[in-house]
Every structure is written in C-alpha cells, then in structure tokens.
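Remarks on the structure that follows.
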Amino acid sequence: MVKMVRFVKLFLFISLVQLKPSSAQVTMKPLNVLIDEQGSGWFKITTMVSHAKNKVEILEKDSAHANAALYQSQLSTNTMLGSLIYNSGGILVDEGWIRILGSGCKRLDRSVPEWNKGKLSAERNDQPFYLLVADDVLGGLFAIKSEHIDELETTGRVFYYGPNSLTWQSTGLSYSAFISFCFNGNLKEFYDGFRWKTWQEDLKNISCNQVVSCYPMLWTREGLQIKANRKLLAIQTQWNMYQGKQKSTPKQKAMAERQPPHRNNNSANESMWASTNTP
C-alpha cells in the first residue's frame with residue numbers, strides 16, 4: 001500500500017512537471033501574423049519625427065535583418081516598439097547622442113533582440129524584467145521595466161541606468177512617451193553638466209557601438225565636473241563593467257572597439273524570450 005501511494009505521488013509530480021509551461025516551448029508566431037501593414041505604430045513614429053524639435057535620423061533598415069529581429073522579438077507592428085524594429089535599423093537623436101534600437105544596420109549594428117540576449121532578467125512569464133531599448137553616448141541605458149511582454153507598452157515604464165548613479169531610476173514615461181521625449185524633450189537640460197564643448201563634432205568620430213568612458217568616473221565629484229579624462233569603449237565592455245563581469249584584455253578591448261557585434265545567423269529562428277538570462 002505504501003509503495004502504491006508513493007507511485008501515485010510520483011506519477012502526479014511527473015504529470016505536473018510535464019504540464020508546467022516552458023518558455024523554450026513557446027509557440028512562435030509567424031511573420032505574417034506579427035506584420036500588420038495597416039498598423040498605426042510606424043505612422044505614429046513618422047508623424048512624431050516630422051514634428052520633432054531635436055535632430056532625428058531614421059536609419060535605413062535591412063529587410064532580412066528586420067524580418068529576423070521582428071520574429072525574434074515576437075512583437076506586433078501594431079505596437080510602437082515592434083513597428084520601430086520592423087521599419088528601421090534604429091533611430092539616432094541629437095547627432096547620435098541617443099541611440100534608439102531597431103533591427104540593426106551598418107551604423108547601429110545592434111538590434112533589440114540581439115542586444116538583449118544574455119541580458120534579459122526574466123523568462124516570458126510574470127516576473128519583472130528590463131528590456132533594453134536605447135542607450136546614450138555616455139553609456140547610459142534605457143530599458144522598459146515590465147512584468148509581461150504583452151504589457152511592455154501599456155503598464156511598462158522606461159528606466160534609465162545612468163553612469164553617474166549606477167542604479168535603475170524610473171523616468172515615469174511609457175515607451176511611446178519616451179520616444180516623444182527623445183524627439184521633442186529638453187535633452188540639454190536632461191544631460192545638464194554632461195556635455196562638453198566639442199561634443200557635436202566629436203560624435204562624428206564615435207561609433208554607435210561605442211561609449212565615452214570617463215575617469216574619474218561620472219559619479220565622483222571630479223567626474224561630475226567633467227574634469228575627467230575621456231576615452232572610447234565598446235558598449236559591451238561598458239556593460240560588462242556595469243555588471244561586474246571579468247574585464248577584457250587590452251587586445252580584446254581593441255578588437256571589440258574595431259568590430260561590430262557578431263551576428264549569429266543560427267539564431268534567426270530563435271525567440272529572445274526563449275530562456276532565462278540573468279544580467
């Protein structure tokens with residue numbers, strides 16, 4: 001009788017494990033379901049661009065990359081984020097001071113799903129996570145904090161991880177409001193004290209995969225007064241520094257700064273939500 005009870009318990013346990021949803025078993029929606037040619041997401045963005053007060057440049061998309069990025073993100077073009085991924089390689093604001101991620105291109109060779117792989121902090125479930133959607137030349141990161149991918153643009157709010165604070169701080173803005181702020185907001189005030197005299201000219205020689213790293217760091221008194229020495233780092237190197245990961249060797253740093261992120265063609269059919277990645 002005891003053996004029978006144990007067997008029943010084991011059977012029930014195995015059954016529950018098999019029934020438990022797995023993010024790796026999520027059914028992928030095909031492109032024709034994600035793409036809505038009548039969707040209003042891109043129309044909203046182009047309308048905002050036409051009325052933008054700040055300098056905005058839409059980067060040309062590569063159709064193959066756009067299709068792959070949209071499929072990996074599993075976002076509909078009815079959403080502003082999904083539409084931006086599908087219709088652009090990304091968007092540069094203020095000469096590239098802010099880089100809004102799209103599907104990636106030659107100048108901004110980082111798509112939303114590619115850049116978030118290995119950085120997402122949750123599975124496709126109800127656990128809060130940060131989805132990186134933009135960054136700035138100082139190494140500041142913008143991410144949507146949400147509890148579910150279906151709520152990215154509704155209840156989700158954009159947070160900023162500043163190099164002067166090294167903490168995630170809420171902007172209080174939804175993704176659409178964040179895009180509007182980038183296009184029309186007072187960026188001079190937002191970055192007050194962080195822009196040097198020749199920043200506009202210097203940006204012409206800074207890749208969108210690089211950031212300006214300051215020493216002493218920007219959270220020190222000297223750094224805040226822009227008395228720091230500035231040098232260029234690959235943004236992935238900066239991310240590793242934020243997360244306390246092992247530092248690259250000088251040779252690895254030099255190679256990372258010269259080369260764009262490697263595109264893994266084998267991942268074209270994978271969802272960026274497929275597994276848990278801890279930052």
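- Less than 6.0 angstrom separates the ring centroid of Phe190 from the ring centroid of Phe181.
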Can Tyr161 and Asp135 be said to form a side-chain hydrogen bond (donor to acceptor under 3.5 Å, both in side chains), step by step? CA-CA 9 Å; Tyr161 190 98; Asp135 41 70; over 6 Å; no
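- Between the OG1 atom in Thr171 and the CZ atom in Phe159 there is a gap of 8.0 Å [rounded to 0.5 Å].
- The side-chain contact (heavy atoms from CB on, under 4.5 Å) check on Ala134 picks up Ile100, Phe142, Phe178, with sequence neighbours excluded.
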Passes side-chain hydrogen bond (donor to acceptor under 3.5 Å, both in side chains), Ser207 versus Gln210? Steps please. CA-CA 5 Å; Ser207 162; Gln210 294 177 316; 4.6 Å; no
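- With sequence neighbours excluded, the residues satisfying side-chain contact (heavy atoms from CB on, under 4.5 Å) with Phe43 are Thr47.
- Ring planes of Trp199 and Trp97: perpendicular class, angle over 60° (limits at 30 and 60°).
- Listed by first and then second residue, the salt bridge (Lys or Arg N to Asp or Glu O under 4.0 Å) pairs involving residues 61-89 amount to none (not counting sequence neighbours).
- Atom CG in Leu81 sits 11.0 Å away from atom OG in Ser176 (nearest 0.5 Å).
- Remark: Glu95 engages Lys55, Leu203 in a side-chain contact (heavy atoms from CB on, under 4.5 Å) (not counting sequence neighbours).
- By the side-chain contact (heavy atoms from CB on, under 4.5 Å) test, Cys208 is found to be paired with Leu92, Arg99, Leu108, residues two or more places apart in sequence or in another chain being considered.
- Checked for salt-bridge contact, Lys204 and Glu201 meet the test: a charged N lies under 4.0 Å from a carboxylate O.
- A search for side chain to side chain donor-acceptor pair (under 3.5 Å) contacts involving Lys53 returns nothing, not counting sequence neighbours.
- Seen from the ring of Trp168, Lys145 does not count as a face-on cation partner, given the 6.0 Å and 45° thresholds.
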